[in-house]
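The structure appears below as structure tokens.
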Amino acid sequence: MSILRINGGKALDGVIQVHGSKNSVLPILAASILSQGETVIHNCPDLTDVNAAVKILERLGCKVRKEQNSVWIDSKTMIKCDIPDSLMREMRSSVIFLGAILARTGEAILSLPGGCELGPRPIDMHLSALKALGAEISEQNGNIICRARELKGCRIDLATPSVGATENSMLAASRCRGTTVITNAAREPEIWDLQRYLNKIGARVYGAGSSIITVEGCNFGCSAEHRIIPDRIVSSTYLCCAASAGGRVKVTGVVPRHLQTVTDALSAMGCTVITGDNDIYIRAENKLKAIRPIITRPYPGFPTDAQPPLMAACLKAEGTTVFVENIFQNRYRHVSELIRMGADIRVEGRVAMVTGVKKLCSAPVTSTDLRGGVSLVVAALGAEGVSEISALWHIDRGYERIDKALNSIGAEIIRTD
Ligand code: EPZ
């Protein structure tokens, strides 16, 4: 079992490049089914979730080749429309393939995605959207079976701005007859990136980034080349590492406005944060201070995925910072592990009260989920002594070799496989 041994208490110093966005490349890999041609994706992160999505594309009959941070997909040869349980269990967000498979073949059979570490992960909004477009949906032996002789454009009113439901609606509507209007759509940058790719392969999608997305269904399909946007949560994580350990770090290859709520919070804590066109410089040399409540909201609000790493950066800040987690039911599983390192955190339902302590002490801790796991890395960098972090498969889902990345800016991390 892989373990990270982190010798904390060392200030970070250097320049670190951010890889492409996991939450952008996954829906775009699914969307490549609709190109019915060749897609080349650049700045593709080398992550286990990406590998899982590639396995699904190959299972469907697509030809895929991965070289470093580029992926080549030929979806002309797609012949299947089902994703088996084994592959669905590898990555629950595989539900994002539903809309694309249905739009391409008229049928999609997926094993019911289970919950995950963050709590139940219902897909009711996904299914309501597909039904509104004309799909017949049934459940049999743990599978969701979607069939549609013809999908017809309509109005889809999302109850909440679900990222996945927005993406599935865009994908399913793209080849419908007629126009679809998606209201209360998610506004994340990853939605905009998906729209950019879809329009490159011939779809007609407009409005991504706003709450209303219009999809003019058409029969399209052509080859395209696409560069994935940088990962705003990985960018945020690296900045939180610098805040926790102290030091001076420049994060490059980022879109600063995509993580403005996070950089605003770090500035309010007393870090010096300077943003350039595509880089962010942070200097953390003084004692940090607690800040106003951090309330997670759909984009452009504070991102739920940055809640755990920012919480870890607050553990030694003077005073008490209140966190309110509004997106997921169970996104404080990292708290008990942080407490093992000496953190003072009290959780009441969706609220976590973080009171700064003088110092954190190293401890053996276990990752609980992707962002909860990386919060342990952030905390260990600011703790005295050598912390051991296990269950790294959670972290490897969303961070390319986090040990090598952080060692390049002065961290002392050893990974034992
Ligand atoms: C995406 O998940 C991201 N994953 C998540 O990132 C991110 O935390 C989340 O959006 C919110 O920003 C990917 O893009 C692969 P949602 P998604 O649908 O689409 C509820 C990470 O760490 N809901 O916006 O699943 C749902 O249970 C991951 O990289 C329904 O009730 O998120 C959740 O409480 C974690 N019914 C809330 O809405 C539905 O049909 C937000 O979910 C759909 C969602």
Side-chain angles (χ1 to χ4, degrees), residues 19-31 45 47-50 52-53 56 88 90-99 110 112-132 137 144 156-172 182 184-194 211 228-229 231-237 258-259 261-262 296-310 325-331 333-334 350 367-375 394-400:
H19 58 66
S21 165
K22 166 181 84 79
N23 292 348
S24 181
V25 73
L26 292 179
I28 288 174
L29 286 169
L47 305 169
T48 53
D49 268 10
V50 170
I56 289 173
M88 281 300 289
E90 243 185 88
M91 183 181 68
R92 73 148 308 280
S93 43
S94 312
V95 71
I96 192 52
F97 278 85
L98 190 52
L110 270 64
L112 263 169
C116 76
E117 306 81 11
L118 306 182
R121 296 290 289 274
I123 57 168
D124 52 305
M125 286 190 273
H126 297 243
L127 300 182
S128 307
L130 299 183
K131 278 184 195 149
I137 298 173
I144 302 171
I156 296 173
D157 298 316
L158 294 176
T160 61
S162 153
V163 171
T166 301
E167 292 165 343
N168 255 329
S169 301
M170 290 162 73
L171 293 169
I182 305 164
N184 200 20
R187 298 171 55 193
E188 276 70 0
E190 294 77 29
I191 304 283
W192 173 80
D193 208 16
L194 175 60
S211 299
I228 299 294
I229 59 171
D231 194 309
R232 59 194 170 98
I233 305 302
V234 170
S235 313
S236 303
T237 304
H258 287 171
L259 53 149
T261 53
V262 179
T296 66
R297 292 189 179 94
Y299 195 90
F302 189 91
T304 175
D305 296 345
Q307 173 261 103
L310 186 77
E325 174 52 59
N326 287 317
I327 306 296
F328 288 107
Q329 278 179 14
N330 189 20
R331 198 163 208 172
R333 298 179 72 225
H334 48 288
R350 290 187 175 273
S367 298
T368 52
D369 54 81
L370 167 54
R371 309 300 176 183
V374 88
S375 77
H394 288 297
I395 299 174
D396 291 342
R397 284 187 45 224
Y399 294 83
E400 256 185 34

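Just so you know, ligand 1 is whichever comes first in the structure, and atom 1 is the first atom listed for that ligand. One-based numbering along the sequence shown. Keep in mind that this is a model prediction, so the values were computed, not measured.
- Of all protein heavy atoms, the one closest to atom 16 (P) of ligand 1 is V163 N, 3.7 Å.
- Those atoms of ligand 1 with a heavy atom of K22 less than 4.0 angstrom away are 21 (C), 29 (O).
- An N or O contact shorter than 3.5 Å is missing between S93 and ligand 1 by distance.
- Nearest non-hydrogen protein atom to atom 32 (O) of ligand 1 is F328 CZ, 4.2 Å.
- Of the inter-residue distances, the one linking L130 atom CG with I137 atom CD1 reads 5.0 Å to the nearest 0.5 angstrom.
- Interatomic distance, CG of D231 versus CD of E400, reported as 10.0 Å (0.5 Å rounding).
- In terms of protein heavy atoms, atom 22 (O) of ligand 1 is closest to R371 NE, 2.9 Å.
- Considering backbone and side-chain N/O of L26, none are found under 3.5 Å from N/O of ligand 1.
- For atom 36 (N) of ligand 1, the nearest non-hydrogen atom of the protein is D124 OD1, 2.7 Å.
- Every atom of ligand 1 with a heavy atom of M125 under 4.0 Å away is listed here by number and element: 23 (N), 30 (C), 36 (N), 39 (C), 40 (O), 43 (C), 44 (C).
- Ranking protein heavy atoms by distance to atom 2 (O) of ligand 1, first place goes to R121 NH2, 3.5 Å.
- For R397, the salt bridge (charged side-chain N to carboxylate O under 4.0 Å, His left out) test picks out D49, with sequence neighbours left out.
- The line from CZ of F97 to CE of M88 is 9.5 Å long, rounded to the nearest 0.5 Å.
- Within the 3.5 Å criterion, the main-chain N or O of V95 finds a donor-acceptor partner in the side chain of N168.
- Of the protein's heavy atoms, N23 ND2, 3.7 Å lies nearest to atom 3 (C) of ligand 1.
- Ligand 1 has a nitrogen or oxygen under 3.5 angstrom from a nitrogen or oxygen of G164.
- E167 contributes atom CD, which lies 9.0 Å from atom CD1 of I28 (distance to the nearest 0.5 angstrom).
- Interface of P122 with ligand 1, defined as ligand atoms under 4.0 Å from a residue heavy atom, comprises 27 (O), 30 (C), 31 (O), 36 (N), 39 (C), 40 (O), 43 (C), 44 (C).
- For the salt bridge (charged side-chain N to carboxylate O under 4.0 Å, His left out) test, residues two or more places apart in sequence or in another chain that qualify with D193 are R196.
- In this structure, A165 does not count as a contact residue of ligand 1, since none of its heavy atoms falls inside 4.0 Å of the ligand.
- A distance of 10.5 Å separates CZ in R371 from CZ in F328, rounded to the nearest 0.5 Å.
- Contact atoms of ligand 1 toward R331: 8 (O), 22 (O), 35 (C) (distance under 4.0 Å to a heavy atom of the residue).
- At under 3.5 Å, a nitrogen or oxygen of D305, whether backbone or side chain, sits near a nitrogen or oxygen of ligand 1.
- Numbered from 1 in the order shown, with element, the atoms of ligand 1 that lie under 4.0 Å from a heavy atom of I123 read 39 (C), 40 (O).
- Residue S162 has at least one N or O atom closer than 3.5 Å to an N or O atom of ligand 1.
- In this structure, Q307 does not count as a contact residue of ligand 1, since none of its heavy atoms falls inside 4.0 Å of the ligand.
- Within the 4.5 Å cutoff, the side chain of M170 has heavy atoms near those of the T166 side chain.
- Proximity of a side-chain donor or acceptor of N184 to a complementary backbone N or O of L158 within less than 3.5 Å is detected.
- Residues L171 and L194 have side chains in contact (heavy-atom distance under 4.5 Å, counting atoms from C-beta outward).
- Residue, atom and distance of the protein heavy atom nearest to atom 41 (C) of ligand 1 are I327 CG2, 3.6 Å.
- Atom 11 (C) of ligand 1 has its closest protein heavy atom at T304 CG2, 4.0 Å.
- Here OG1 of T160 is found 8.0 Å from CD1 of I327. Values are rounded to the nearest 0.5 Å.
- For a threshold of 3.5 Å applied to N or O pairs, the pair formed by L370 and ligand 1 contains no separation below that value.
- Salt bridge status for D305 with R331: present, with a side-chain N to carboxylate O gap under 4.0 Å.
- Put simply, atom 43 (C) of ligand 1 has protein non-hydrogen atoms near it, under 4.0 Å away.
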